[in-house]
Amino acid sequence: MKNEPDDTSRQEQFVEQPLVEQPRFQYTTSENLEADFVSRGLVALAPESLGIPTEIHEHIYSLAKQARLEKKRITADLIPEVLDIIDAPGVVDACQRLVGKNWAIVPFTHNAPYASGAYDQWWHKDDNGPYNMRKARQHHAIQIELLYYPQAVRADMGPTVMLPYSQYWTFNHEENHDNFAGADHLDFDYIIEGMDKIAVSGQQSIYDPEDIRLQQTVHDKRMRDAVRQTGWPLVSQFEVGPLRAGSVILVSHNLFHRGNHRRDDWHTWQTNPRYMWRFWLYRTTEPDAGDAREIRWRDSTVDPMTGIELGDAVVESESVWRHQYHWLQTSREPPKVEGSAEKLSSHLYTRGDKSEPTRIAAAYRLASIADEQNAITVLAEGLESERESVRRAATYGLVALGEAATPTFLAAITSPVRWLRKAGAFGLGASGTATPEVVQALRERLQLDKSVYVRSVAADAMGCLARRAAARQHMEELLMTCCNALIDSLEQEDNRLAMNLTQGRSIKFVRPTDDCDVCEGIGIDYGEERFKPVRSIVRENALWSMVIIATHATLDERAVRMLESIVQTDTNVFAVGLAMDALNRTGRLSAATLQWSPIVDWESLSRSMAGFRP
């Protein structure tokens with residue numbers, strides 16, 4: 001590090017740097033969309049593939065710049081043209097292929113442009129619900145992020161940084177407070193030490209401009225070290241760019257990533273901002289029951305987008321990729337293969353964070369072998385392990401087994417151990433047989449469990465189960481049973497003041513309490529007197545599931561009254577947004593109902609079947 005030079009010398013050093021030809025970014029081809037997504041976790045749509053006039057991108061960019069100058073909150077109310085991006089034929093088609101028809105958008109969450117600048121974010125996975133809400137992470141393509149760049153992004157403009165191939169690996173969180181709040185981290189000490197508050201570039205930077213340009217600052221090195229120390233196969237830092245104006249990136253919601261500092265002349269940042277709009281999408285329908293080809297994952301030597309060398313490093317991941325690809329293409333598990341349950345059992349119990357891929361891979365291999373009964377026995381024993389890392393792997397392996405794991409999850413959901421009850425609820429939602437017995441088991445956890453976390457997972461699982469039931473014929477009665485269970489929950493669950501406020505600390509440092517054993521997230525009122533900084537992870541997950549049910553069934557009057565009451569009176573803005581979406585999908589959201597809320601999330605409603613727009 002060096003002392004900061006004065007403005008004149010800094011500007012001269014930037015101006016004198018020669019222009020460097022930018023490498024050509026490899027956009028995703030249509031035929032590789034699903035395979036690239038389930039393996040790399042990241043795909044890119046070229047501007048010309050969206051199917052809309054390219055002039056719209058400059059228009060959106062100009063409007064966003066003006067709104068920033070005027071310090072306005074940017075939404076689709078202010079810039080409705082952004083809905084044309086969400087509704088673009090190429091975007092809709094790609095998202096349907098990845099998260100199914102009638103996909104939904106999480107309301108009032110991040111749906112606005114982010115500007116890159118002087119600071120680096122820490123490596124993290126995004127929370128799976130609104131603003132740091134902890135949810136169980138699905139490996140199936142249930143939730144993705146849509147990133148839209150209205151302007152070109154040069155390599156020195158702070159392109160978003162991803163860790164491709166990291167979406168299936170993570171860390172403990174159940175009793176690890178570093179990951180309690182929902183956004184799992186690499187190098188949590190980076191936050192504790194306040195590194196995220198130190199300018200890497202720009203007017204306040206203490207670094208030499210040449211070190212900034214060459215990515216040799218302490219911040220840059222620390223970011224690379226955090227990735228290298230994971231020891232995970234294929235995982236390497238990748239800056240997503242350079243991009244052409246109008247590029248759309250679709251990312252697994254479980255991919256590690258971070259915001260990146262700019263490396264160009266800071267004097268140009270205000271007139272030439274780099275914006276990124278972000279939307280959270282989630283699945284409301286199952287994949288179609290089609291066919292899937294077997295892919296020879298090891299045949300590829302280099303990833304054409306990232307330049308990451310593949311080859312033998314694929315071995316640890318290919319059982320996971322194979323399952324996810326078959327599920328996405330067929331809604332079923334892939335054909336069975338030969339394998340030894342006894343041999344794979346030892347891999348399930350390997351120790352340490354670096355062995356996360358080994359454990360997860362072993363679980364998926366167990367799920368794929370022909371000796372299904374022995375595989376279930378091994379995975380069921382792993383589910384009862386005292387080690388969270390083993391329980392996590394076993395849970396995903398049992399989910400990959402499909403309906404055959406239903407009895408194991410039904411046993412787990414009644415365990416005196418809350419982490420087993422959580423796993424049981426998650427597994428029944430993700431792959432359990434859609435029967436009245438399974439619905440009743442989830443209903444009991446939703447109504448009676450003392451753990452907020454378990455109740456929230458049961459609420460989410462009810463929607464997942466309903467989504468899968470809707471893909472079958474003659475399941476209307478079961479859908480209504482799920483719906484009634486969710487309404488019962490909404491009648492008894494209350495919002496609470498956000499934990500960061502009750503504890504007087506950053507959301508990243510909140511801790512479990514006697515009242516709540518999971519992070520419910522930051523409370524946001526958006527400056528509206530109607531809303532309060534309150535949350536309820538159970539209410540929000542119940543309404544999330546109501547959106548899924550409303551996609552497939554006509555809601556009865558009891559359900560409609562509940563949703564209308566939430567839109568009219570609830571002080572939790574996320575609950576209001578989800579209730580509006582559910583009403584819209586069932587054809588019961590009127591212009592008069594919209595007036596009950598001082599703000600409307602047009603992004604989520606634009607994707608509902610009635611298609612409201614401002």
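Keep in mind that the numbers below use all heavy atoms, side chains included, and drop hydrogens, waters and symmetry copies.
- Two rings, from W280 and H253, have their centers less than 6.0 Å apart.
- Side-chain contact annotation: T170 with D184, donor-acceptor N/O pair under 3.5 Å present.
- Ring centroid separation for the pair Y61 and Y149 does not come in under the 6.0 Å cut-off.
- Counted by atom type alone, Q66 and S62 present zero donor-acceptor pairs between their side chains at under 3.5 Å.
- Side-chain atoms of Q447 and D488 include no donor-acceptor pair closer than 3.5 Å.
- Of the N and O atoms on the side chains of Y148 and S247, not one donor lies less than 3.5 Å from an acceptor on the other residue.
- Judged purely by distance below 3.5 Å, without hydrogens or angles, the side chains of E564 and Q568 never pair a donor atom with an acceptor atom.
- There is no side-chain donor-acceptor pair under 3.5 Å between R613 and S606.
- Taking the six-membered ring for Trp and the full ring otherwise, the centers of W103 and Y282 sit at least 6.0 Å from each other.
- A donor and an acceptor atom, one from each side chain of D581 and S604, are nowhere located under 3.5 Å apart.
- Annotation: side chain of R134 is not in contact with side chain of D127 (no heavy-atom distance under 4.5 Å).
- When only modelled atom types and interatomic distance are considered, T271 and T268 share no side-chain donor-acceptor pair under 3.5 Å.
- A side-chain N or O of R511 and one of H177 form a donor-acceptor pair less than 3.5 Å apart.
- Taking 4.0 Å as the cut-off between side-chain N and carboxylate O, R244 and E48 count as a salt-bridged pair.
- Counted by atom type alone, R137 and N128 present one or more donor-acceptor pairs between their side chains at under 3.5 Å.
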